[in-house]
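Written below as structure tokens is the structure these notes are about.
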Amino acid sequence: MNRSLFITIHMYLAAFFAPFVLLVCISGGLYLIGIKGSTETEAIYQSWDVEELRAELKDAPALNLSVAKLLGEAGVADYEFEYVKVKGDTLYTRPTSRQYYIIKLGDAVDISRATPSLQAAMMELHMGHGPTAFKTFQKFFAIGLLLVIGSGLWLGLSAPRLRTRTLAAAGGGSLAFLLVVLL
């Protein structure tokens, strides 16, 4: 492959994936310095018919239908979710990167509407809790990022005047990674 074409492909991949790299860097960086965002919750419904829902926790298709029916009974209209995440006695409609519902099963069924702030929504995307289409794209993003990094290393190592600097930078980065991971 022609070096010029390889540089062009590297540049277009890097430019295409730049917004997604920024999403990960900004959301993760803000989270690490303590800006985690917030999620406003509002109780909207309570029902005492818990047993039917508990029985359906083991059957995902039936659970999704039951949650949709329950949300309808709670007066939630024009809302679609992709699936239900079950954590103990709490159910979350997904994706959680936009408005979603939390269903708690105790002596009663309590439903709350949750609305994440921008930072909380970005963190949900960062953690893979976004829409299915976004989660699928994240898989291509991972492959694309590997291609960008791999092609950048190859371009640096294949150019005689850049080889030493590329090796030094890659070695320094590897050493820094090992020190941070092992300490």
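Along the sequence shown, residues are numbered consecutively beginning with 1.
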- request: May I ask whether Ile26 and Ile33 are part of the same hydrophobic cluster, defined by side-chain heavy atoms of I, L, V, M, F, W, Y residues being less than 4.5 angstrom apart, directly or through others?
  value: yes

query: Side chains of Ile103 and Val84: does their closest heavy-atom pair fall under 4.5 Å?
result: no

field: Exercise: identify the closest heavy-atom pair between Ser117 and Gly37
entry: OG-CA, 3.4 Å

message: For the CD1 atom of Ile9 and the CG atom of Leu5, what is their distance to the nearest 0.5 Å?
response: 4.0 Å

- prompt: Less than 4.5 Å apart, any side-chain heavy atom of Pro131 and any of Ser97?
  reply: yes

query: Can you tell me how far CG of Leu183 sits from CG of Leu178, rounded to the nearest 0.5 angstrom?
result: 10.0 Å

- request: Verify, without hydrogens or angle tests, whether Gln138 (side chain) and Leu125 (backbone) share a donor-acceptor contact under 3.5 angstrom.
  value: yes

- prompt: Are the side chain of Glu40 and the backbone N or O of Pro116 linked by a donor-acceptor pair below 3.5 Å?
  reply: no

More than 12 heavy atoms from other groups under 6.0 Å of CZ on Phe140: no

Closest heavy-atom pair and its distance - Ser38, Ala120: O-CB, 3.5 Å

- request: Return each pair, listed once, that meets salt bridge (charged side-chain N to carboxylate O under 4.0 Å, His left out) where at least one residue sits in residues 104-116; pairs must be two or more places apart or across chains.
  value: Glu42-Arg113

message: Is any side-chain heavy atom of Tyr100 closer than 4.5 Å to one of Phe81?
response: no

message: Using a 3.5 Å distance criterion without hydrogens, assess whether the side chain of His10 forms a donor-acceptor pair with backbone atoms of Val148.
response: yes

query: Does Leu155 offer a backbone N or O that forms a donor-acceptor pair with the side chain of Arg3 under 3.5 Å?
result: yes

- prompt: Using 30° and 60° as the class limits, which term best fits the ring planes of Phe20 and Phe16: parallel, tilted or perpendicular?
  reply: tilted

query: Is there a side-chain contact between Leu71 and Tyr45 (heavy atoms, below 4.5 Å)?
result: no

message: I'd like to check the salt bridge (charged side-chain N to carboxylate O under 4.0 Å, His left out) partners of Arg94; sequence neighbours left out, ordered by chain and number.
response: none

field: side-chain contact (heavy atoms from CB on, under 4.5 Å) assessment of Leu63 paired with Leu91
entry: CA-CA 10 Å; Leu63 177 62; Leu91 291 72; 3.5 Å; yes

message: Any heavy-atom pair between the side chains of Leu23 and His126 that's under 4.5 Å?
response: no

- line: Taken in chain and number order and not counting sequence neighbours, the residues that satisfy ring-ring contact (aromatic ring centres under 6.0 Å, His included) with Phe6 are Trp154

message: Side-chain heavy atoms nearer than 4.5 Å, only ILVMFWY residues, links allowed to pass through others: does that put Ile149 and Leu157 together?
response: no

message: Quick check: do Val67 and Tyr101 have side-chain heavy atoms less than 4.5 Å from each other?
response: no

task: May I ask whether Tyr92 and Ile44 are part of the same hydrophobic cluster, defined by side-chain heavy atoms of I, L, V, M, F, W, Y residues being less than 4.5 angstrom apart, directly or through others?
output: yes

- line: Rounded to the nearest 0.5 Å, the CD atom of Gln119 sits from the CD atom of Glu124 at a distance of 10.5 Å

- prompt: Which value, rounded to the nearest 0.5 Å, describes the distance between Thr96 atom OG1 and Met123 atom CE?
  reply: 11.0 Å

message: I'd like to know if Phe137 and Met127 are part of one continuous hydrophobic network [Ile/Leu/Val/Met/Phe/Trp/Tyr, side-chain heavy atoms within less than 4.5 Å].
response: no

OH (Tyr31) with more than 12 external heavy atoms under 6.0 Å: no

query: Is there a path from Met122 to Leu22 through hydrophobic residues (I, L, V, M, F, W, Y) whose side chains come within less than 4.5 Å of each other?
result: yes

task: Would you check if the side chain of Glu82 reaches a backbone N or O of Thr132 as a donor-acceptor pair within less than 3.5 Å?
output: yes

- request: Flag yes if more than 12 heavy atoms outside Tyr79 fall under 6.0 Å of its OH atom; otherwise flag no.
  value: yes

message: Using 0.5 Å steps for rounding, measure from the OG atom of Ser151 to the CG atom of Leu13.
response: 6.5 Å

query: Nearest 0.5 Å, what's the CG-OG1 distance between Asn64 and Thr93?
result: 10.0 Å

